[in-house]
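A, B, ... follow the sequence lines: proteins, then strands. Residue 1 opens every chain.
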2 protein chains.
Amino acid sequence: MDLFIDPTQPRAITRSLYDQIRAAIASGRISAGEQMPPSRQLAQELGVARQTIATVYGRLTAEGHVIGRGAAGTFVAPTADAHRPARADRTRSSALAPRPGLPETADPEFQPTGLDLRSGTPDLALFPHVAWRRAVLAAAHQPPSGYGAYAGLPELRRTLARLASRTRGVVADPDQIVVTAGAQSAIDLTIRLLTVPGDTVAVEEPGYLPVRRLIESLDRRVALVPVDADGMQPEHVPARARLIYTTPSHQSPTGATLTIARRRALLSYADRHHQAIIEDDYDSEYRHTDRPLEPLHLLDTTGRAVYVATFSKTLAPSLRLGYAVFPVELARHAAALRAASDVQPPELLQRAIHHLITTGDLDRHLRRSRKIYAKRHELVADWVARMSTAGHLTPCATDHAGLHLTVRLHNITEEELAARLEPHGIRLGSYRDTWAKTPDHDGAVIGFGNADSSDLEAALSRVEHALASPPPRPRVRP
Amino acid sequence: MDLFIDPTQPRAITRSLYDQIRAAIASGRISAGEQMPPSRQLAQELGVARQTIATVYGRLTAEGHVIGRGAAGTFVAPTADAHRPARADRTRSSALAPRPGLPETADPEFQPTGLDLRSGTPDLALFPHVAWRRAVLAAAHQPPSGYGAYAGLPELRRTLARLASRTRGVVADPDQIVVTAGAQSAIDLTIRLLTVPGDTVAVEEPGYLPVRRLIESLDRRVALVPVDADGMQPEHVPARARLIYTTPSHQSPTGATLTIARRRALLSYADRHHQAIIEDDYDSEYRHTDRPLEPLHLLDTTGRAVYVATFSKTLAPSLRLGYAVFPVELARHAAALRAASDVQPPELLQRAIHHLITTGDLDRHLRRSRKIYAKRHELVADWVARMSTAGHLTPCATDHAGLHLTVRLHNITEEELAARLEPHGIRLGSYRDTWAKTPDHDGAVIGFGNADSSDLEAALSRVEHALASPPPRPRVRP
């Protein structure tokens, strides 16, 4: 407990100390039953006469806030909590309002059951606990550093350059790597690095909602570029855009793969209009039935593409680890901006992921989890094919990758489907939320990252039942 | 190694695979001596005839890029690295430029000796390794989560609310706490939450350079408020400022304590002009010879003050842990903005710091390190008093706290002092860099966080010698 004495009002010390201790008890800062500091000690600490403290304690005792127990000391009365005001009184209401244009995002609720088919989260039951603990322990054995290494630890940047090259076909020098807190913070950094307020950033429609929110919160304008079964349509990127955000490996949410022809078209369009590109390769570790195409980063000959990767899908979102590969001259500026915004990535996490990669544990985990997700992907893809034949839905794209599949619904709205599934504790991902404008059709995102095969089968059979049920009778208003 | 096949050019497969493998060897993506995938396996993976792979391998062998070792397989030739082009050829130069107005910050160089008296970094030799490893290990035993808890884990927010109240006199509900990556990211979040581009943020002059850089990188305007021995002068805060950044407990860099009268004046000024305040309490754990004054947060009756704290000074900067205390209605918006910018704080670090606090290990560490820093503070303060009597310098303020002392120099410039100390491997903190404008006097920041008492004594005696030496002879130009 800190107590304060106002040096400008020396005569009010007794009253002030009494008020502060009473407030501390009332607010719960000192709990019922807790011992008060001995009066001699407190007097010494505060540089006041012991009699002053004795007077304060005496008054608090008389009023029942504290209890004297002789030589044992003075204790907060057990009933003191009863004086504690309701929460609303303890916190102040604020005259401040947030700036306009900020997102309204509440913490997501999690399903207690295994039937949460929203997309985004991998199967946390597959998390390589033993290897991760080993990596963390190894990391914690190294002493911490001061300020510096804004782009990340040099040894981790070397390891990530090699990883990106080995697993994703991205040829990069360690100097080009900036370690980030997942993909989202890499995108935040890139937008702040390459654009100013009022600039236009082109995004996919439908697309990844958190990036639209981020762009708007940074006072940049969002331009929507339509997506079809072959991914983003480069011919619809507005010339005024300074930056293009795209998910070429696995369009979020439709699952489309940007074709080679469109990749080349997008790069040459960007070149013509002096635009930069963010290539968000958020889940390309999971390719189930097809070969990958060259990343934009590899096709790019003029250094326009910033490649973004994350460990949120391969390990866990709550790790907050990812990286960006910048054109080499930009990486230095990105590191300087990073120093100004949040200084440097946490060292412990950097060392742990470095250990996990160099020991081969990450590869082993990926080989194992790839097989499991491939099976789930097949299960959902087969189901989607059957539902499509039955006329209930159409897949948005031929989707060979990742942890979700997205479909258009034919005879039911997103809301009605959700309402039918709700009693069974099943939630699908929202298709509507991936659109900035209102779409002219309904859809659903089926995430299979966080549900095992038997849960998936059970859930899909429920969804099938919901799709096949007759339409609800229109409600008659009384 | 990822290999790509262009589906639009099926007849060029052999050539394309040959080129890609050669490029992978040339760029070092496959190292000398590494085994190539068996041709049968590669053919299967790529869905091409085995003869195609045999042709490619044959050509690579003939040219000496790889070596066939019969049944053992095909290996990258040991001389392959010789073909590797110089680094400049492997990375592309970029057509992109960073946006204007970004800081130029390079990683700091660290002194190999113990005579680095720049400020900011605590003594990493005092870091509680054993307790921290215990905390990290306990944290790593808990399974990771998905997305969510944007403001931080509920149990950590409860613990931090209690810690802030117990040690800093900040009365806060857990709902008001947002866990951040140190003070800098808390300030980044607050600026983005409460202001828009073009808004003015008032800062102290001299003041903390990284915050000025941050404000400018966010396209807000910086207004400079002069500081004297009693801290920031509230009457010089411009009415147009939307946000005021201040370090009342221990002004950075002068060490002044903002007086109670000025705290009240600042709050009432802010109230009159609808301004918000960031109270950066970066090192108030270390008060050496005086009692603390009430934080602005406690005096604030209208919910204008955002209180910012960090573990960078009490533990280590490379942990990247801190927190902000927002007025309660704002905390929800801060969490939503955080979700858009970097989603959530890393769970492992949150659990580790939670463990370190609840076990009492942080308190034990603080009690121990406070004593050590108090001795160093006394040593430097005594030296400053002697130097002041000798007429070499004047302390900027009566400084009772923290890990540095700041002085005005009388008979020597900052550059000349640095030049005299350089041969001895001694570096002081730059006073000039804490000013946005050019100051009319020279100064020096003496950081004693990261140097033990004997190093400190040795270094200060060198500084004394440098101060007392006759002025350099003016150079005669030839």
Side-chain angles (χ1 to χ4, degrees), chain A residues 2 4 6 8 27 29 91-92 94-96 98-99 102-105 107-108 121 127 133 136 140 144-149 165 169 171 173 181 184-185 188 193 196-197 213-214 217 219 260 276 292 294 302-303 316-318 320 327-330 333 336-337 339-343 346-347 349, chain B residues 2 4 6 8 27 29 91-96 98-99 102-105 107-108 121 127 133 136 140 144-149 165 169 171 173 181 184-185 188 193 196-197 213-214 217 219 260 276 294 302-303 316-318 320 327-330 333 336-337 339-343 346-347 349:
Chain A
D2 270 355
F4 305 97
D6 187 341
T8 64
S27 69
R29 288 164 61 201
T91 55
R92 303 186 190 90
S94 174
L96 300 176
R99 49 153 299 172
L102 289 186
E104 287 276 354
T105 318
D107 280 351
T121 304
F127 186 81
R133 277 203 291 274
V136 166
S145 312
Y147 293 101
S165 136
V171 180
D173 249 25
Q184 193 75 9
S185 81
D188 180 64
L193 180 70
V196 297
R213 285 183 172 152
L214 171 61
S217 82
D219 299 284
I260 279 285
E294 286 94 331
T302 55
S318 64
R320 305 318 302 142
V328 71
E329 301 91 335
L330 280 183
H333 297 285
L337 179 58
S341 63
D342 74 345
V343 189
E347 194 170 36
L349 298 178
Chain B
D2 270 353
F4 304 97
D6 187 340
T8 65
S27 69
R29 286 165 61 202
T91 55
R92 302 185 190 91
S93 85
S94 173
L96 300 175
R99 51 154 296 173
L102 288 186
E104 287 276 355
T105 317
D107 279 353
T121 305
F127 185 80
R133 277 203 292 273
V136 167
S145 312
Y147 294 101
S165 137
V171 180
D173 249 25
Q184 193 75 10
S185 80
D188 181 65
L193 180 71
V196 296
R213 285 183 172 151
L214 171 61
S217 82
D219 300 284
I260 279 285
E294 286 94 333
T302 55
S318 64
R320 306 316 304 140
V328 71
E329 300 90 336
L330 279 182
H333 297 285
L337 178 58
S341 62
D342 74 345
V343 189
E347 194 170 37
L349 298 178

So, for [X] and [Y], which heavy atoms are closest and what is the spacing to 0.1 Å?
X: B/Thr121; Y: A/Gly146; value: CG2-CA, 3.9 Å
X: B/Leu96; Y: A/Ala276; value: CD1-CB, 3.6 Å
X: A/Ala140; Y: B/Arg133; value: O-CG, 3.3 Å

Taking A/Ser217, A/Gly169, A/Ser145 one by one, which has the highest count of heavy-atom pairs under 4.5 Å against chain B?
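If we count pairs closer than 4.5 Å to chain B, A/Ser145 comes out on top.
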What option among A/Gln184, A/Glu347, A/Arg99 has the most heavy-atom pairs under 4.5 Å with chain B?
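If we count pairs closer than 4.5 Å to chain B, A/Arg99 comes out on top.
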Given heavy-atom pairs under 4.5 angstrom as the criterion, report whether the side chain, backbone, both or neither of A/Leu330 touches chain B.
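For A/Leu330, side-chain heavy atoms alone lie under 4.5 Å from chain B.
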Checking heavy atoms, do the side chain of A/Leu102, its backbone, both or neither come under 4.5 Å from chain B?
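Interface part for A/Leu102: side chain.
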Contact winner vs chain A - B/Ser318, B/Pro98, B/Ser341, heavy-atom pairs under 4.5 Å:
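Of the candidates given, the most pairs with chain A belong to B/Ser318.
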With a 3.5 Å distance limit and no angle check, can you tell me whether A/Ser185 reaches the backbone of B/Asp342 through a side-chain donor-acceptor pair?
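Judged by distance alone, no pair lies under 3.5 Å.
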Tell me, side chain or backbone of B/Leu193 under 4.5 Å from chain A's heavy atoms, or both, or neither?
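Contact with chain A is through both the backbone and side chain of B/Leu193.
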